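Before anything else, here's the structure in question.
Please read these numbers as outputs of a predicted model, since none were measured by experiment. Whatever order the structure lists them in is the order used to number ligands and atoms, beginning at 1.
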Amino acid sequence: MSANLLITGATGFTGTLFCQQLAHAQPETTATILVRPKSDRTPLMALNLCLSYEIGDGSEAATWTRLIADHQPNTIIHIASIRHVPALLAALQQHPQTPRLIVVGTTGVYSQYNQYAAGYRQIEAQLADYSGSHCLLRPTMIYGSARDKNLHKLIQFCDRYHSFPVFGSGRSLLQPVHADDLAEAILTAYQRPQVTGAYDLSGGSVVSFRELLALISRLLDKPVRPIPLPLRASAIAAGLLETLLGRRSPIRREQILRLQEDKAYPHDAAHRDLDFAPRSLAAGLQAEIAQLRA
Ligand SMILES: NC(=O)c1ccc[n+]([C@@H]2O[C@H](COP(=O)([O-])OP(=O)(O)OC[C@H]3O[C@@H](n4cnc5c(N)ncnc54)[C@H](OP(=O)(O)O)[C@@H]3O)[C@@H](O)[C@H]2O)c1
C-alpha cells in the first residue's frame with residue numbers, strides 16, 4: 001500500500017468511518033490529514049493510525065501545492081468535496097508526481113435539476129483527463145448515524161410529529177447508502193490500486209418516499225402520516241420564499257423539484273470490482289433508530 005497517503009474530509013461523517021476502518025484493516029498506517037483550522041479532530045485521536053495534520057483549504061490550489069511539495073503523496077483520498085478537484089488538478093500540473101486519486105463525488109451529477117449538476121459533470125470530465133490513476137466513487141444520499149444530515153433529521157421529525165410533508169406523488173425512488181458501506185468501498189478502492197474509473201455507490205434497497213415513511217413508521221413503531229402537498233403550488237411558494245428571503249429560505253424550489261426525480265442507481269460495477277454489497281435500508285435504519293433511542 002502507498003507509503004505517502006494524504007486524506008481529506010477525515011473529520012467528517014464518512015471520513016471518520018473510513019479512518020476507523022483503515023485503522024482496523026491496516027493498523028498503524030501513516031497518513032497526512034488535511035484539516036481546516038476549526039476541524040474537530042477528536043474522533044481521529046484514539047485511532048490506531050500514525051496521523052499528522054496539515055491545516056489548509058482544499059478549495060485552494062495553494063494548499064494542494066504545499067501539500068504535494070512537502071509530502072509527495074502516492075495516493076490522495078479526497079473525501080471532502082469533488083468541487084475541490086479543479087484546485088487539486090491545477091496544483092498537480094505544477095508537479096512531476098502523478099499520485100493515485102480516489103475522489104468521493106456524488107450521484108447528484110445525474111440530476112436534471114440540480115444547479116450544480118453541470119458543474120459536477122465538468123469536474124468529472126477534468127478528472128477523467130488526469131494522466132495518473134484515479135477512481136471516482138459516487139455515493140447517493142448518505143445515512144447511518146446522528147451525523148447524517150438527511151435521514152436522521154427525517155426520523156427525528158417523524159418520531160416527534162408523527163407525520164411528514166410529501167411534495168407531489170411521493171412515488172419517486174430513493175436508494176440511500178449507509179456511510180459504513182461507503183467507507184468500506186473507499187477502503188477497498190485504496191487497497192486495490194488496479195481499480196480505476198467511476199463507480200456509483202447506492203444502497204441495498206430502492207424505496208419510494210412514501211415507502212420510506214412507512215418503513216420509518218414500522219421501525220419507530222409509531223404512526224407516520226404522509227401529508228400530501230401539491231407539487232406546483234409548493235414549488236411556486238418555495239420560489240417566492242427564495243425571492244423574499246434569498247439564502248435564508250428554509251426550502252428551495254429546486255429541492256422540491258428534485259424530490260420528484262428517481263434517485264436509484266445500480267451498483268453492479270462496484271459490486272464486481274469493489275465487492276460492494278451494501279446493507280438493506282431496513283437494517284441500516286434499524287441500527288440508526290437504535291442509536292437515536294440510546
Ligand atoms: N451527505 C450526503 O448525503 C452526500 C451525498 C452524496 C455525496 N456526498 C459527498 O460525500 C463526501 C462525504 O460527505 P459527508 O456528508 O460524509 O461529509 P461531511 O460530514 O460534511 O464532512 C466533510 C469533510 O470535508 C472537510 N472539508 C469541507 N470543506 C473543506 C475544505 N474547504 N478544505 C478542507 N476540508 C474540507 C470537512 O472538514 P471540517 O471537519 O472542518 O468540517 C469534513 O471533514 C463529500 O464529498 C460529499 O460531497 C455526500
- Message: Need the ligand 1 atom indices (1-based, order shown) with element for anything under 4.0 Å from a heavy-atom of His84.
- Response: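 Close to His84: 28 (N), 29 (C), 30 (C), 31 (N), 32 (N).
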- Taking only residues two or more places apart in sequence, or in another chain, which ones meet Glu124 in a salt bridge (charged side-chain N to carboxylate O under 4.0 Å, His left out)?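 Counting only residues at least two positions away or on another chain, Glu124 forms a salt bridge (charged side-chain N to carboxylate O under 4.0 Å, His left out) with Arg138.
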- Item | Asp57 neighbourhood, listing ligand 1 atoms whose heavy-atom distance to it stays under 4.0 Å |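 In order of numbering, the contacting atoms are 30 (C), 31 (N), 32 (N).
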- Query: Is ligand 1 under 4.0 Å from a heavy atom in the side chain of Lys38, in the backbone, in both, or in neither?
  - Reply: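 Neither; nothing of Lys38 gets under 4.0 Å from ligand 1.
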- Query: Is the closest side-chain heavy-atom distance between Val224 and His162 below 4.5 Å?
  - Reply: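 A side-chain contact under 4.5 Å is absent here.
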- Item | Side chain, backbone, both or neither: Thr140 near ligand 1, heavy atoms under 4.0 Å |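 Answer for Thr140: backbone.
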- Query: Tell me: protein heavy atom nearest atom 9 (C) of ligand 1, and distance?
  - Reply: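 Checking every protein heavy atom, the shortest distance to atom 9 (C) of ligand 1 gives Gly105 O, 3.7 Å.
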- Atom indices of ligand 1, in the order listed, that fall short of 4.0 Å to a heavy atom of Ile79: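 Once the distances to Ile79 are compared, the set is 11 (C), 12 (C), 44 (C), 45 (O).
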- Query: At a 4.0 Å cut-off, with the gap strictly under it, does some heavy atom of Pro139 reach an atom of ligand 1?
  - Reply: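 Pro139: in contact with ligand 1 (<4.0 Å).
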- Is the gap between the ring centers of His152 and Tyr143 under 6.0 Å?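 No, ring centres 6.0 Å or more apart.
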- Query: Does the side chain of Val195 come within less than 4.5 Å of Arg100's, by heavy atoms?
  - Reply: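 Heavy-atom side-chain distance check passes, below 4.5 Å.
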- Measure centre to centre between the rings of Phe276 and His267, then say whether the value is under 6.0 Å.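 They qualify: ring centres under 6.0 Å apart.
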- Pairing residues for Arg36 by the salt bridge (charged side-chain N to carboxylate O under 4.0 Å, His left out) criterion, not counting sequence neighbours: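 Arg36: no salt bridge (charged side-chain N to carboxylate O under 4.0 Å, His left out) contacts found.
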- Does the pair Leu285 and Ile155 meet the rule for a side chain to side chain contact (heavy atoms under 4.5 Å, CB included), with working shown? CA-CA 9 Å; Leu285 284 182; Ile155 295 166; 3.8 Å; yes
- Message: Counting only nitrogen or oxygen atoms and a 3.5 angstrom limit, does Gly12 reach ligand 1?
- Response: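 Checking ligand 1 against Gly12, an N or O pair does fall under 3.5 Å apart.
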- Message: Regarding Ser202 and Asp200, do their side chains bring together a donor and an acceptor under 3.5 Å, going by distance alone?
- Response: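 Note: Ser202 and Asp200 side chains miss the donor-acceptor criterion.
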- Message: Tell me if the CD atom of Gln156 is crowded by more than 12 foreign heavy atoms within 6.0 Å.
- Response: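 Counting other residues, nucleotides and ligands, CD of Gln156 exceeds 12 neighbours.
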- Counting heavy atoms only, name the option from Ser39, Pro176, Pro43 that's nearest to atom 38 (P) of ligand 1.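 Residue with the shortest heavy-atom distance to the ligand atom: Ser39.
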- Item | Residue selection (non-hydrogen contact nearest atom 17 (O) of ligand 1) among Arg36, Lys149, Arg147, Arg41 |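 When every heavy atom of Arg36, Lys149, Arg147, Arg41 is considered, Lys149 comes closest to atom 17 (O) of ligand 1.
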- Any idea which of Ile142, Asn150, Val109 brings a heavy atom closest to atom 8 (N) of ligand 1?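 Minimum heavy-atom distance to atom 8 (N) of ligand 1 goes to Ile142.
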- Item | Cation over ring face, Arg225 and Phe164, 6.0 Å, 45° |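 Output no; distance or angle outside limits.
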- Message: Pair His95, Trp64 - check ring pair (Phe, Tyr, Trp, His ring centres under 6.0 Å), show working.
- Response: CA-CA 11 Å; His95 292 270; Trp64 291 108; over 10 Å; no
- In ligand 1, which numbered atoms sit nearer than 4.0 Å to a non-hydrogen atom of Met141?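 Going through ligand 1 atom by atom, the ones under 4.0 Å from Met141 are 3 (O).
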- Query: In the protein, what heavy atom is nearest to atom 14 (P) of ligand 1, and what distance, to one decimal place, separates them?
  - Reply: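 The closest one turns out to be Thr14 OG1, 3.8 Å.
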- Query: Do Glu211 and Arg171 come within less than 4.5 Å of each other through their side chains, counting heavy atoms only?
  - Reply: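 No, their side chains stay 4.5 Å or more apart.
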- Message: I need the nearest protein heavy-atom contact for atom 19 (O) of ligand 1: residue, atom name and distance, please.
- Response: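 Protein heavy atom at minimum distance: Phe13 N, 2.9 Å.
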- Query: Looking only at distance, does Thr106 have an N or O less than 3.5 Å from an N or O of ligand 1?
  - Reply: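 Not met; the criterion fails.
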- Please verify whether a non-hydrogen atom of Val104 lies at under 4.0 Å from ligand 1.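 Val104: in contact with ligand 1 (<4.0 Å).
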- Those atoms of ligand 1 less than 4.0 Å from some heavy atom in Gly58: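 Within the 4.0 Å cut-off of Gly58, ligand 1 contributes 30 (C), 31 (N), 32 (N), 33 (C).
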- Item | Interfacing atoms of ligand 1 (cut-off 4.0 Å, heavy-atom, Ala80) |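 Checking each atom against Ala80, I get 24 (O), 25 (C), 26 (N), 34 (N), 35 (C), 44 (C), 45 (O).
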- Query: What protein heavy atom is closest to atom 23 (C) of ligand 1, reported as residue, atom name and distance in Å?
  - Reply: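 Result for atom 23 (C) of ligand 1: Gly9 CA, 3.5 Å.
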- Message: Using a 4.0 Å cutoff against the non-hydrogen atoms of Ser81, which atoms of ligand 1 qualify?
- Response: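 Those of ligand 1 that fall under 4.0 Å from Ser81 are 45 (O).
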- Item | Per-atom contacts, ligand 1 versus Thr11 - under 4.0 Å to a heavy atom |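 Answer for ligand 1: 37 (O), 38 (P), 39 (O), 42 (C), 43 (O).
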- Message: Show, in sequence, the C-alpha distance, side-chain angles and deciding distance for Arg279 and Asp181, and conclude whether the salt bridge (charged side-chain N to carboxylate O under 4.0 Å, His left out) test is met.
- Response: CA-CA 7 Å; Arg279 71 202 67 191; Asp181 295 330; 2.9 Å; yes
- Please state which part of Arg138 comes within less than 4.0 Å of ligand 1, counting heavy atoms only: side chain, backbone, both or neither.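 It is neither; nothing of Arg138 touches ligand 1.
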- Query: What do you reckon, does Ile82 have a nitrogen or oxygen under 3.5 Å from a nitrogen or oxygen of ligand 1?
  - Reply: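 N/O-N/O distance under 3.5 Å: no.
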- Item | Side chains of Gln126 and Asp129 in contact at under 4.5 Å (non-hydrogen atoms) |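 A side-chain contact under 4.5 Å is absent here.
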